[in-house]
Amino acid sequence: MKKSHLISQPENHQNLQTQNTISNHELLADLEQKSRSLEPSQKELEELFRKTEAYAKQHLDNVCDTPAYVTSDDRSIGLLSSPITEMGISLDEVLQQLYDHVDHEGLNSGSPRYLGYIPSGGIVHSAFGDFLAAIGGRYAGIFHSSPGAVRMENMLIRWMAGVVGYPKGSGGYLSSGGSIANLSAIIIAREAHGLRGADYDRAVIYMTEHTHHCVDKALRIAGMGSSIRRRVAEDGRCRMSAEALEKTIAADKASGLEPWLIVGSAGTTNTGTVDPLSDIASIARSNNLWFHVDGAYGAFFALCPEGKDILNGMNQSDSLVLDPHKTLFLPFGSGALLVRDQELMGPAHGGRGAYMIDMDSDAHELSPAYVSPELTKHFRGLRMWLPLKLLGVAPFRAALSEKIYLARYAYERLNTMNGIQVGPYPDLSIVTYRYVPKKGDANEFNRSLVRNLHKDGRVFMTSTQIGSTVVMRMAIGSFRTHLQDIDESLEILQNQIKQLDNC
Ligand SMILES: *Cc1c(COP(=O)(O)O)cnc(C)c1O
């Protein structure tokens, strides 16, 4: 009898296929034997546990004492002399390559003297969460697939909503980082505002000179590269001037443009300053604009009393980005988006394929796949849930208060140092300053200073520019940074200044 197929195939093709698979037991046995090495034997598994554990322990034993920055002449090129090949190499060799070419060159973001950019986290507990997530292999995109994983993610979203003061009815998702979360926010805001392609040239976005560059990048990725970006004037402390904002919006409206979005910063990357969020919120409301807050660096400071006050007004925004991989001290790869009205996420991110029809039958919780760009995704919730459950929130609160007090301490000590000019008093945990030499160009001096500090490597600080002035930054954000590390870093800084000023 002729066998029927779902989709008709040519007669001979069908016969060939059937014959081949039935007579090819030998081939299958061979392929099975080879592919079975994808599953480690008991012995191999034990070796994997033992040796990676030893590697990890050694890394943790040394992470505080290894320099914050290391650069070599070959810039890790050695890695490429061992290409990907048909046959594998031993675990010892693999770990040696990781040690030689990856884990000991560049920035050591685990160092307590890593004070550059925005320090990331890397609490060890998260690594175990990642490990268990990968071992368990739960799919966290859709409720039906793993109710537990989805409940966990949504529980963390609700916890963060509580931390920042968002109301019931808000939603969000865990992203890979702040850039993607900002991109999502912009697209959600665009759809909520009903903007269409023809409107983009007239659509106006308000931000400041210090708004993170990923916002501009997101606009371009969103196809809105032609929209109008207003860099609103700042007060003397690098914060958006509410007065200037109001005037700029009025002028834009009067000239027939389409004001649409205000991006406020809850802690700029550049100087750590917080925009007047409450004032901006009321301007956004009265002008019917979307108010987005980029809190990738600063929003988690709402966990501690010292941060909460200054972030006042953040909870009045329409959307908000946080980066657990910064100020919740998680390893790289954890961002979050919160949206005040959860319902607005779907129009921008919803979508289902025909192959997903079995999935919606028993949804008790919103599925991340329907409110975010990703379908299959890393089970990110576990790396955040595990440390929060294990340690409780208290040590995170304490660490954030500690960072704020350390920044104030560093500011005060810098302020007493000869030749140092400090920037504004820190809103959160970034201190800006510069050294003004008795003779010569101050910008040039500070550029050289940062180069010399990098060459030394014991402490890692970066520079930036405010207007045409080169300033140094000290970004205090690692969970490992404590008083002694700030003292050591300031001592190294002073010595480097002395050496440079004498030559
Ligand atoms: C780090 C940062 C971003 C970008 O987030 P990523 O996680 O690096 O993608 C955006 N905004 C601010 C204020 C940041 O500090």
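All values reported here derive from a predicted model rather than from experimental measurement. Just so you know, residue 1 is the first one in the sequence shown, and it goes up from there.
- Every side chain to side chain contact (heavy atoms under 4.5 Å, CB included) that Leu375 has, sequence neighbours left out, goes to Tyr139, Ile142, Met356, Ala369.
- Applying the salt bridge (charged side-chain N to carboxylate O under 4.0 Å, His left out) test to pairs two or more places apart or on separate chains, those with a residue in residues 424-438 are Arg237-Asp427, Arg239-Asp427.
- Heavy atoms only, all atoms of each residue included: Val470 and Ser463 are closest at CG1-CB, 4.3 Å.
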task = Assess whether ring-ring contact (aromatic ring centres under 6.0 Å, His included) is satisfied between Tyr370 and His349, documenting all intermediate values.
result = CA-CA 6 Å; Tyr370 301 147; His349 290 99; over 10 Å; no
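- If you check the side chains of Asn287 and Lys253, you find a donor sitting under 3.5 Å from an acceptor.
- Enclosure of atom CD in Gln465 by more than 12 non-hydrogen atoms of other residues, nucleotides or ligands within 6.0 angstrom is indicated.
- We find that Arg229 and Asp216 are joined by a salt bridge, their nearest charged nitrogen and carboxylate oxygen being less than 4.0 Å apart.
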request  = Run the numbers on Asn108 and Thr66 for side-chain hydrogen bond (donor to acceptor under 3.5 Å, both in side chains), then give the verdict.
outcome  = CA-CA 8 Å; Asn108 171 14; Thr66 39; 3.2 Å; yes
key: Working for side-chain contact (heavy atoms from CB on, under 4.5 Å), residues Asp441 and Phe445   = CA-CA 6 Å; Asp441 181 59; Phe445 186 94; over 6 Å; no
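- No side-chain donor-acceptor contact under 3.5 Å links Asp294 and Ser265.
- Side-chain atoms of Glu234 and Ser241 include no donor-acceptor pair closer than 3.5 Å.
- For Ala475 against Gly116, the heavy-atom pair with the smallest separation is CB-O, 4.1 Å.
- Side-chain N/O atoms of His378 and Asp130 include a donor and acceptor closer than 3.5 Å.
- Not counting sequence neighbours, the partners of Arg458 by the salt bridge (charged side-chain N to carboxylate O under 4.0 Å, His left out) test are Asp456.
- A side-chain contact (heavy atoms from CB on, under 4.5 Å) with Leu493 is found for exactly one of Leu115, Leu414, Val459, namely Leu414.
- With sequence neighbours excluded, the residues that form a side-chain hydrogen bond (donor to acceptor under 3.5 Å, both in side chains) with Arg230 are Asp252.
- Among pairs with a residue in residues 177-192, those fulfilling salt bridge (charged side-chain N to carboxylate O under 4.0 Å, His left out) read Glu191-Arg196, at least two apart in sequence or across chains.
- Rounding to the nearest 0.5 Å places NE2 of His59 at 10.5 Å from CG of Asp61.
- A pairwise comparison of heavy atoms in Ala181 and Ser175 identifies CB-OG, 3.7 Å as the closest pair.
- Gln421 and Tyr433 share no donor-acceptor pair across their side chains, judged by distance under 3.5 Å alone.
- Side-chain atoms of Arg397 and Ser401 include no donor-acceptor pair closer than 3.5 Å.
- When all heavy atoms of Pro437 and Asp501 are compared, the closest pair comes out as CB-OD1, 3.7 Å.
- With 3.5 Å as the limit, one finds no donor-acceptor pair spanning the side chains of Thr481 and Arg113.
- Using modelled atom types, one finds a donor on one side chain and an acceptor on the other under 3.5 Å when comparing Tyr55 with Asp103.
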inquiry  = Go through it in stages, so that I can follow the logic: the residues are Asp487 and Tyr409, the test is side-chain hydrogen bond (donor to acceptor under 3.5 Å, both in side chains), and I'd like the CA-CA distance, side-chain angles, deciding distance and then a yes or no.
reply    = CA-CA 10 Å; Asp487 283 335; Tyr409 170 79; 2.5 Å; yes
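- Screening residues 336-347 for salt bridge (charged side-chain N to carboxylate O under 4.0 Å, His left out), with sequence neighbours left out, gives no hits.
- Using modelled atom types, one finds a donor on one side chain and an acceptor on the other under 3.5 Å when comparing Tyr166 with Ser317.
- Remark: side-chain polar atoms of Glu153 are not paired, donor with acceptor, to backbone N or O of Tyr173 under 3.5 angstrom.
- A pairwise comparison of heavy atoms in Pro387 and Ile123 identifies CB-CD1, 3.7 Å as the closest pair.
- Here the shortest heavy-atom pairing between Ser76 and His101 reads OG-O, 2.8 Å.
- No option in Thr464, Asn270, Thr271, Thr462 other than Thr462 meets the side chain to side chain donor-acceptor pair (under 3.5 Å) test with Arg473.
- Ring geometry for Phe460 versus Tyr69: interplanar angle of 30 to 60°, hence tilted.
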